[in-house]
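Order of the sequence lines sets the chain letters (A, B, ...), proteins ahead of strands, with each chain counted from 1. All heavy atoms count here, side chains included; hydrogens, waters and symmetry mates do not.
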Amino acid sequence: MQRTEQERIRRESLAALRALGIEPYPAAEFNVTHRSKRLASEFKDGMAVILAGRIMSRRIMGKASFAEIQDSEGTFQLYLNRDELCPGEDKAMYNTVFKKLLDRGDFIGISGETFTTQTGEQSVMVKELTVLSKSLKPLPAVKVDEDGKVHDAFADPELRYRMRYVDLVVNPGVKDTFEARSKVMQTIRQSFDGAGWLEVDTPVLQAIPGGAAARPFVTHHNALDIPLYLRIANELYLKRLIVGGFEGVYEFSRNFRNEGMDRTHNPEFTVMELYVAYKDYHWMMETTENLLSDICQAVHGDTKATLNGTEIDFAPPYRRVTMRDAILEHTGVDIDGKSEEELRAACEQVGIETDDSMGKGKLIDELFGEKCEHHYVQPTFIMDYPVEMSPLTKVHRDNPAYTERFELMINGTEVANAYSELNDPDDQRQRFEDQLTLSERGDDEAMFIDQDFLRALEYGMPPTSGIGIGIDRLVMMLTDQTSIQEVLLFPQMRPEVFDQGPDEKGLQALGIPEAWTPHLVGAGFDRPEALDGLSPGGLREKLNGYRKKNKLDIPALTLEEVESWLSA
RNA sequence: GACCUCUUAGCUCAGCUGGUUAGAGCAUCUCACUUUUAAUGAGAGGGUCCUGGGUUCGAGUCCCAGAGGGGUCACCA
């Protein structure tokens with residue numbers, strides 16, 4: 001691993017600090033009296049304050065300097081004067097430590113006195129400076145000018161997501177998104193706990209990945225010697241708890257789905273699921289709109305949020321549209337009473353491709369997803385889904401072709417999915433079997449049958465309404481982000497390949513003579529792994545070719561030598 | 001999985017129809033400077049032009065293959 005010049009210089013500074021008797025990574029706690037934001041709001045000249053944080057900029061002007069220190073709340077300006085910081089003869093703390101050995105990114109603690117500069121900037125005159133942690137890598141130098149224009153932004157999404165720690169330090173606003181996310185979850189917890197519902201934890205590793213239709217991640221349990229699946233949903237477990245007698249249960253469930261990744265999908269994502277006994281989906285709609293309104297209030301202090309230039313109003317009530325009406329309005333197709341063949345024809349007619357594995361549910365889903373979904377920008381409940389696409393939902397009280405299910409659409413995206421839960425065990429068994437038929441037709445996302453869940457229903461589940469709210473997407477809606485990566489601290493990325501540098505010792509361990517190892521590195525075989533799977537003849541030819549080309553003064557290799565390395 | 005596109009200094013990016021020693025700003029280093037704020041002035045160092053082939057007298061630039069990223073679509077929440 002090659003170090004850059006800047007890194008080498010910082011390591012030299014690190015050593016110089018130690019030579020001066022200053023520990024760059026001290027163990028002792030450092031207690032502050034203020035943080036930047038609060039200090040700014042309570043600011044008066046002449047306050048004695050202690051602050052800690054990262055040096056984000058330095059403006060050195062001979063015997064006086066200004067520096068920006070960044071803590072968890074924001075930044076604050078420091079004024080460092082040589083003779084204030086070093087009242088005695090020894091000026092090393094200013095001349096050497098501050099001016100030469102400290103860098104942008106270092107953590108320091110300071111104590112001093114507040115004052116206002118001639119230009120009117122709130123500042124702290126530093127009397128004492130403590131080195132708290134030396135930073136060995138230079139932070140990207142993002143600068144914001146007077147017009148608020150950002151220069152040299154650290155904007156490459158790959159680097160931002162791979163090194164979120166740098167992103168958080170350097171890009172203003174990134175923290176706000178995650179604070180908003182925390183506020184969303186806090187508001188939900190407060191609301192549900194206040195209602196007397198119980199927050200629970202259910203298995204992430206499941207023998208049967210149930211509760212949704214999706215491709216799961218598979219792993220293996222060694223002791224039991226069985227495959228286990230990372231949960232795609234927690235729904236069936238929460239319903240078992242309703243069977244067990246809890247009136248309301250909820251869980252923030254990290255779900256895992258082995259599917260594509262894009263702006264709205266990450267392999268792991270968070271869904272808040274809530275189940276409440278003796279309720280139906282109408283009650284759940286009211287509960288949901290009130291909850292979202294509270295959440296938006298908590299985040300923005302208002303029920304309105306701006307998303308993609310459009311104002312979204314989270315104040316209840318939300319529009320309620322049946323799926324049949326939605327499809328009728330946007331495609332002219334009335335799905336009511338249509339057979340599979342008729343629906344397939346209708347799809348083809350509006351330009352949707354179909355294939356034989358698609359059943360009625362899937363066809364209707366396509367009609368809605370392709371032609372209707374994107375129209376619903378303001379929060380809208382799409383209700384009464386066809387029975388074929390809702391295997392866990394109770395049939396509609398007025399029409400058995402539909403179910404009591406709704407999805408909440410915001411900005412053309414599904415944010416929540418809720419039902420009057422199916423609690424008739426025989427009906428549930430039949431629906432699972434219908435799914436099995438779909439699976440045999442080639443739908444690899446059809447649901448598995450969970451026999452234990454069916455048994456639980458046979459013991460009796462009260463009428464229940466349940467909902468799953470996509471937390472990541474909700475946070476996107478509330479923070480004006482268009483990609484899910486922006487609301488996940490560490491979104492999924494292809495693993496990074498680190499350059500480990502040459503491993504001459506490892507090569508020698510294979511029996512390669514010391515005279516040859518530097519040349520193997522030179523020829524591109526810089527680690528033992530680089531030789532894996534090579535044929536002895538080919539390797540010998542390459543190395544002897546390298547020897548000839550570079551006129552090396554060592555004997556040519558024999559086939560036996562090379563064979564012995566590769567068999568080592 | 002398909003298509004489009006990108007990869008040049010620590011960071012952000014220029015680099016024309018292929019042509020001397022590959023540039024800028026910031027960052028870094030040296031010097032000056034006691035109220036600055038994208039501080040300023042003077043000077044210096046810093047490059048595997050993603051990797052591997054090919055075309056050519058000559059490749060950062062053109063061609064092929066590969067790696068990684070981004071975007072669009074498909075699947076999905």
Taking the side chain as every heavy atom from C-beta outward, state whether A:Glu388 and A:Arg431 have any atom pair closer than 4.5 Å. no
Using purine N1 to pyrimidine N3 plus N6-O4 or O6-N4 for Watson-Crick, or N1-O2 and O6-N3 for G-U wobble, both under 3.5 Å, which nucleotide pairs with B:A65? B:U51
Would you find more than 12 non-hydrogen atoms of other residues, nucleotides or ligands less than 6.0 Å from A:Arg164 atom CZ? yes
N/O (side chain, A:Arg59) to phosphate O (OP1/OP2, B:U36) under 4.0 Å: no
Using only side-chain N and O atoms of A:Lys100, determine if any of them is under 4.0 Å from OP1 or OP2 of B:C31. yes
With both distances under 3.5 Å as the test, what is the Watson-Crick or G-U wobble partner of B:G46? none
Nearest-angstrom distance from the residue atom CE of A:Met56 to C1' of B:C11: 13 Å
Taking the side chain as every heavy atom from C-beta outward, state whether A:Pro216 and A:Gln206 have any pair of such atoms under 4.5 Å apart. no
What's the gap between B:G10 and B:C49 when it is taken at their P atoms, as a whole Å value? 12 Å
Contact class for A:Asp262 (heavy atom, under 4.0 Å): base, sugar-phosphate, or nothing? base
C1'-based separation of B:C16 from B:C62 [nearest Å]: 15 Å
For a quick test of reading the model: is some side-chain N or O of A:Arg263 closer than 4.0 Å to OP1 or OP2 of B:U72? yes
Any donor-acceptor pair under 3.5 Å between the side chain of A:Glu414 and the base of B:A77? no
Under 4.0 Å between a side-chain N/O of A:Arg162 and OP1 or OP2 of B:G69, yes or no? yes
Using a cut-off of 4.0 Å on non-hydrogen atoms, how would the nucleic acid contact of A:Asp83 be classed: base, sugar-phosphate, or nothing? base
Using a 4.0 Å heavy-atom cut-off across all strands, classify A:Glu68 as base, sugar-phosphate, or nothing. nothing
Does A:Glu128 have more than 12 heavy atoms from other residues, nucleotides or ligands lying within 6.0 Å of its CD? no
Euclidean distance, atom CG of residue A:Leu159 to atom C1' of B:G68 [Å, nearest integer]: 11 Å
If the P atom of B:G46 is compared with that of B:A9, how far apart are they to the nearest Å? 15 Å
Closest listed nucleotide, where the reference is the side chain of A:Gln6 and the choices are B:A39, B:A27, B:C11: B:A27
Starting the side chain at C-beta, find the nucleotide from B:A77, B:U37, B:G70 nearest to A:Pro157. B:G70
Could you tell me how far apart A:Gln118 (CD) and B:A39 (C1') are, to the nearest whole angstrom? 14 Å
Distance between C1' atoms of B:A22 and B:U8 (Å, rounded): 8 Å
Could you check whether the side chain of A:Gln77 and the base of B:U36 have a donor-acceptor pair of N or O atoms closer than 3.5 Å, going by distance alone? yes
Using a 4.5 Å cut-off on heavy atoms from C-beta on, say whether the side chain of A:Leu39 contacts that of A:Thr114. yes
In whole Å, what separates the P atom of B:C4 from that of B:C64? 11 Å
Using purine N1 to pyrimidine N3 plus N6-O4 or O6-N4 for Watson-Crick, or N1-O2 and O6-N3 for G-U wobble, both under 3.5 Å, which nucleotide pairs with B:C26? B:G10
Could you tell me the Watson-Crick or G-U partner of B:C57, where both distances fall under 3.5 Å? Say none if there is no partner. B:G19
I'd like the P distance from B:U28 over to B:A39, given in whole Å. 11 Å
Are A:Glu421 and A:Glu235 side-chain neighbours, meaning at least one heavy-atom pair lies under 4.5 Å? yes
Ring of A:Phe66 versus six-membered ring of B:A39: centres under 5.5 Å and planes under 30°? no
Do the non-hydrogen side-chain atoms of A:Ile208 and A:Tyr229 ever get within less than 4.5 Å of each other? no
A:Lys63 side chain: which of B:A77, B:U34, B:U35 is closest? B:U34
Within the modelled atom types, does a donor on one side and an acceptor on the other bring the side chain of A:Glu5 and the base of B:G46 under 3.5 Å apart? no
For A:Phe115, which contact category applies under a 4.0 Å heavy-atom criterion: base, sugar-phosphate, or nothing? base
Regarding A:Ile60, tell me which of base, sugar-phosphate or nothing describes its non-hydrogen contacts under 4.0 Å with the strands shown. base
Please report, rounded to the nearest Å, how far the C1' atom of B:C73 is from the CD atom of A:Glu366. 14 Å
Any-strand Watson-Crick or G-U partner of B:G41, both distances under 3.5 Å: B:C31
Is there a side-chain contact between A:Phe66 and A:Leu80 in this structure, where contact means two heavy atoms from C-beta onward sitting under 4.5 Å apart? no
Whole angstrom is fine here: how far is it from CG in A:Leu102 over to C1' in B:C29? 16 Å
Round to a whole Å and report the spacing from CG of A:Asp156 to C1' of B:U7. 10 Å
State whether the distance check finds a donor on one side and an acceptor on the other, under 3.5 Å, for side chain A:Thr119 versus base B:U35. no
Using the side-chain heavy atoms of A:Glu158, tell me which of these nucleotides is nearest: B:A77, B:U12, B:G68. B:G68
With nearest nucleotide decided by heavy atoms, which residue, A:Glu370 or A:Asn266, maps closer to the 5′ end of RNA chain B? A:Glu370
Please report, rounded to the nearest Å, how far the P atom of B:U34 is from the CG atom of A:Leu80. 15 Å
Given the P atoms of B:U30 and B:G45, what is the spacing between them in whole Å? 15 Å
Return the 5'-most residue of the pair A:Pro138, A:Thr264 with respect to RNA chain B, ranking by each residue's nearest nucleotide. A:Pro138
Mind checking the C1' distance from B:G15 to B:A77? Whole angstroms is fine. 45 Å
Between P of B:U35 and CG of A:Leu78, the distance in whole Å: 17 Å
Going by heavy atoms in the side chains, are A:Arg231 and A:Pro203 under 4.5 Å from each other? no
For B:A74, give the paired nucleotide (Watson-Crick: N1-N3 plus N6-O4 or O6-N4; G-U: N1-O2 and O6-N3; both under 3.5 Å), or none. none
